[in-house]
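Quick notes on the structure that follows.
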Amino acid sequence: MKSDQNKFSNKEIAKILRNIAAVHLLKNENRFKRVAYENAAETVEQSSRELRDIWQDGKLFDIPGIGKTIGSNLEEYFKTGKSKHFNSILKKVPSTVFILMNLPTIGPKKAYKLVKELKLLIPKTVIEDLQNACKQNKVAELESFGKKSQEDILEAIKLFRKRSSKSERMPLPYAYELAKELSDYLKKIPGITRVDTLGSLRRMVATIGDIDISVQVESRKDHKVERLQKEIINYFVKFPKTISIDSSGENKASIIVSPNIRVDLRVQEERSYGAMLQYFTGSKSHNIKLREYALKKGLSLNEYGIKKVKSQKSKVKSINQNSKILEFSTEEKFYNFLGLQYIPPEIREGTNEIELSEKNKVSKLVELKDIKGDLHIHSSYDLKPSHDLGENSYSEILEKADQLGYEYIGFTDHNPKTSGLPEQEITEIMNLRYRVIKKLSNKVNEAKFFIGLEADIQPDGRLALPEKAIDLVDYLIVSVHSAFNLDVKSMTQRVMKALSYPKVKILGHPTGRLLGKREGFELDWKAIFDFCRNKKIALEINSWPERLDLPDSLVREALNQKVKFVINTDAHANLHLDGMIYGVSVARRGWCKKDDIINTLDYSAFKRWLNNKS
DNA sequence: GCCGTTTTCGGCCCGACTGTTTTCAGTCG
């Protein structure tokens, strides 16, 4: 079963598409055919939802880059496990070529040449065979290869083996924290006016590969800038967690930090910093669309700024020699020059953000400061919970809520264990808890509180809580914590049954995914969204580092169905309450405005919502 | 092969770096 799961994963599909692109390149097909497959591969790889699920939702062809041919063949692939068309293309090249392409610095052409010249035709041993060929100096003797390429290939094989033994991407919060550490470290150098993250980290994608960071230095006319740049690079590579230095040039450097994470730094002068920031923030598909858009206006974009191009009807495009490159110190100026409204990094994914910004229709996205409360917090109060107990007491949590400037919070311990305990005893435990929390009212805290509970949704959809105990809470979060493998239909029925209980206001971490560990389960999302909208139940955007659940793409779909959200931390300790930023980022990536998020409401409005009065 | 406010044809993003060339091809982001 597991191999089947892999077979349909986005990663596998992207690989197939990329391999087909490689064949088109090697067979000298129309180069735009290759580009089309590469674009499709890119989109699939970047998708935060499994393509197969999107296909099951009937939305495969809505994905940019997936048209008639690729789309219908993917359908065939999902239905039958293979696509005749894809296979017939892939067969044109020995499969070992595709394996070698996994090595860094080896692309289609080099891979093909190596396979052909060295007769590397056995998939199982191809990497080893190549390694041996290098050791026997056979690669250096090939035309267009040399001693250095041979050494590089050996190094690439080492790297490949090391990398494939690890999970490749880390959850966003880990990367974010590390970047913050690096940023604080860099800011100690005088002359640095700004530090930013770049790439997927700046766009706050749920999982991050490498960490990219840029620093801005003042523009000066003399050679001081160069000296400063050198100084920064030298300082950067001495970051305490550095394991090894990969490269270290004039204005960029690359290091590996503990535990084996690549960090790239680039240093750029103030006057062109905006263009650089835009360029390296991506996403790739956003940048491609942006350049296409700019080209229609006779403008060409690169990391240093904007140039005017003479675009002729003929195939020759020539750069107007008289026009200098226009520099931009900020991204705002860069986008505005193109006639576009500023586009926040989180939504630069090449969907329809450029069209909307052209019409000035990108709405203001929700921000961390809009959040007025956290509704999913676990305390240390021992009610014999079914899952982990928190670390802090109710009053400690309230203090922390004050520090965060929250107007209200919700205590949502896990329900008491159901096994072995009679219903009456559970209700008694809940009753005791109710009285303990109510006593807090006398304490002096700015933040007000609600008595909530996170109740397990059992496999049959019943809540792990006696009906009588429901009277002892203000609201319920219901979540799936077990039996993740039901089919879509049963799972949907199960969740809807749970949502039908009184006082249920939030569906907790709706897909149950654990980044890098467990795929989320599928639901009939259309049905769930309809149900939640009609019953005024909010979908949770859970900020827990390994969850970030609901995923951003489903947030956007739900948003289009006019569903509301609550952003929670699922904190099990006060420290975790600081993680709200991650959930907010997911919401922003899903295009949420302040109004779409229930816990941006002030206390009285929130209370009305809780009581179904608004 | 994809796509559309130059829409069903005729376009299709940009530059750095590296190693191998002796003017450029391949790879990467």
Side-chain angles (χ1 to χ4, degrees), chain A residues 17-18 20-26 29-43 45-46 61-74 85-86 89 100-114 139-153 155-156 198-200 209-210 212 246-247 249-252 254 262 264 266 275-276 278-307 309 311-315 317 319 325 339 350 352 354-356 358-359:
Chain A
L17 296 171
R18 230 177 260 292
I20 293 173
V23 177
H24 285 323
L25 175 74
L26 293 170
E29 282 278 349
N30 176 352
R31 72 187 178 98
F32 294 108
K33 216 187 241 190
R34 164 174 65 85
V35 171
Y37 275 97
E38 274 170 4
N39 286 342
E42 185 77 21
T43 321
E45 221 159 41
Q46 301 296 330
F61 292 89
D62 293 354
I63 298 172
I66 295 192
K68 226 175 165 180
T69 307
I70 295 180
S72 58
N73 280 288
L74 284 175
H85 181 59
F86 286 171
I89 298 171
L100 292 188
M101 277 165 53
N102 290 318
L103 298 172
T105 74
I106 302 290
K109 299 220 172 167
K110 284 188 188 173
Y112 189 64
K113 185 148 192 181
L114 289 166
V139 172
E141 286 164 3
L142 297 177
E143 195 196 346
S144 80
F145 284 87
K147 264 240 139 47
K148 186 71 172 71
S149 337
Q150 184 166 273
E151 282 166 28
D152 287 350
I153 289 174
E155 197 54 37
L198 304 169
S200 54
D210 302 339
D212 295 304
D246 215 46
S247 71
E250 301 225 324
N251 48 19
K252 61 184 203 181
S254 182
R262 173 185 297 275
D264 293 338
R266 55 185 64 240
M276 185 282 304
Q278 195 291 316
Y279 185 89
F280 287 105
T281 295
S283 65
K284 195 170 178 184
S285 65
H286 172 81
N287 282 359
I288 288 173
K289 289 195 172 171
L290 192 65
R291 286 188 212 119
E292 282 171 354
Y293 164 85
L295 208 58
K296 284 179 193 157
K297 298 192 160 194
L299 299 168
S300 166
L301 315 180
N302 65 34
E303 63 184 281
Y304 302 105
I306 301 177
K307 280 182 291 198
V309 281
S311 190
Q312 283 139 345
K313 290 279 175 202
S314 74
K315 283 180 186 165
K317 242 181 271 161
I319 293 176
I325 188 153
N352 58 346
I354 293 171
E355 289 103 302
L356 288 171
E358 199 181 353
K359 295 175 201 149

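In the text below, chain A, chain B and the rest are named by the order of the sequence lines, each starting its count at 1.
- On the P atoms, B:dT23 is 26 Å away from B:dC28, given to the nearest whole Å.
- Residue contacts for A:Tyr279: at a heavy-atom cut-off of 4.0 Å it reaches a base atom on one of the strands shown.
- Atom C1' of B:dA16 sits at a distance of 31 Å from the matching atom of B:dG10, rounded to the whole Å.
- Distances shorter than 4.0 Å separate none of the side-chain N or O atoms of A:Ser149 from OP1 or OP2 on B:dT18.
- Heavy atoms of A:Asn30 sit under 4.0 angstrom from at least one base atom.
- The shortest distance between side-chain heavy atoms of A:Thr43 and A:Ile66 does not fall below 4.5 Å.
- At a cut-off of 3.5 angstrom, counting only N and O atoms as typed in the model, there is no donor on one side facing an acceptor on the other between the side-chain of A:Asp212 and the base of B:dG29.
- The separation between A:Asp152 atom CG and B:dT20 atom P is 8 Å, rounded to whole Å.
- Between A:Leu100 and A:Ala111, the closest heavy-atom pair is CB-CB, 3.9 Å.
- Rounded to a whole Å, the CD1 atom of A:Ile354 is 12 Å from the P atom of B:dG4.
- B:dG15 and B:dT20 are spaced 26 Å apart, taking the P atom of each and rounding to whole Å.
- In this structure, A:Gly350 and A:Ser285 approach most closely via the heavy-atom pair CA-OG, 3.8 Å.
- Residue A:Lys109 places at least one side-chain N or O closer than 4.0 Å to OP1 or OP2 of B:dG26.
- Both A:Gly65 and A:Ile106 sit near DNA chain B, but only A:Gly65 has its closest nucleotide nearer the 5' end.
- What separates CD of A:Glu303 from C1' of B:dC28 is a distance of 13 Å, to the nearest Å.
- When the nucleotides B:dC14, B:dT6, B:dG1 are ranked by their closest atom to the side chain of A:Ile70, B:dG1 comes out on top.
- Nucleotides B:dT6 and B:dG11 are separated by 10 Å at their C1' atoms, to the nearest Å.
- Aromatic ring orientation, A:Tyr37 versus A:His24: tilted (interplanar angle from 30° to 60°).
- Nearest-nucleotide positions on DNA chain B place A:Lys252 closer to the 5' end than the other of A:Gly146 and A:Lys252.
- The separation of B:dG1 from B:dT5, taken at their P atoms, amounts to 24 Å, rounded to a whole angstrom.
- Within 6.0 Å of atom NZ in A:Lys297, more than 12 heavy atoms from other residues, nucleotides or ligands are found, so the atom counts as buried in its surroundings.
- For the pair A:Lys110 and A:Thr105, the tightest heavy-atom approach, listed with the atom from each and the gap, is NZ-O, 3.6 Å.
- Spacing between B:dC14 and B:dC9 at atom C1', rounded to whole Å, works out to 26 Å.
- Spacing between atom NZ of A:Lys148 and atom C1' of B:dT21 amounts to 16 Å, rounded to whole angstrom units.
- When all heavy atoms of A:His286 and A:Ile354 are compared, the closest pair comes out as O-CD1, 3.8 Å.
- No contact: A:His286 has no heavy atom under 4.0 Å from any strand.
- Taking only side-chain atoms of A:Tyr304, from C-beta outward, the nucleotide of B:dA16, B:dT5, B:dC14 with the closest atom is B:dA16.
- In the set B:dG29, B:dG15, B:dG19, B:dG29 carries the atom at the smallest distance from any side-chain atom of A:Lys284.
- Of the side-chain N and O atoms in A:Thr69, one or more sit less than 4.0 angstrom from OP1 or OP2 of B:dC2.
- Distance check on atom C1': B:dG26 versus B:dT21 gives 12 Å, rounded to whole Å.
- B:dG15 and B:dC28 make up a base pair, with Watson-Crick or G-U wobble contacts both under 3.5 Å.
- Between A:Asp210 atom CG and B:dG29 atom P the separation is 8 Å, expressed in whole Å.
- Atom pair A:Gln150:CD and B:dT20:P shows a separation of 10 Å (rounding to whole Å applied).
- For B:dG26, neither phosphate oxygen OP1 nor OP2 lies less than 4.0 angstrom from any side-chain nitrogen or oxygen of A:Lys110.
- Dashed line: the shortest gap from a side-chain N or O of A:Lys289 to OP1 or OP2 of B:dG4 is not under 4.0 Å.
- As judged by a 4.0 angstrom heavy-atom cut-off over every strand, A:Ile66 is placed among residues touching the sugar-phosphate backbone only.
- Note: CD (A:Glu143) to P (B:dT21) measures 7 Å, nearest angstrom.
- The distance between atom CG of A:Leu25 and atom C1' of B:dG26, rounded to the nearest whole Å, is 9 Å.
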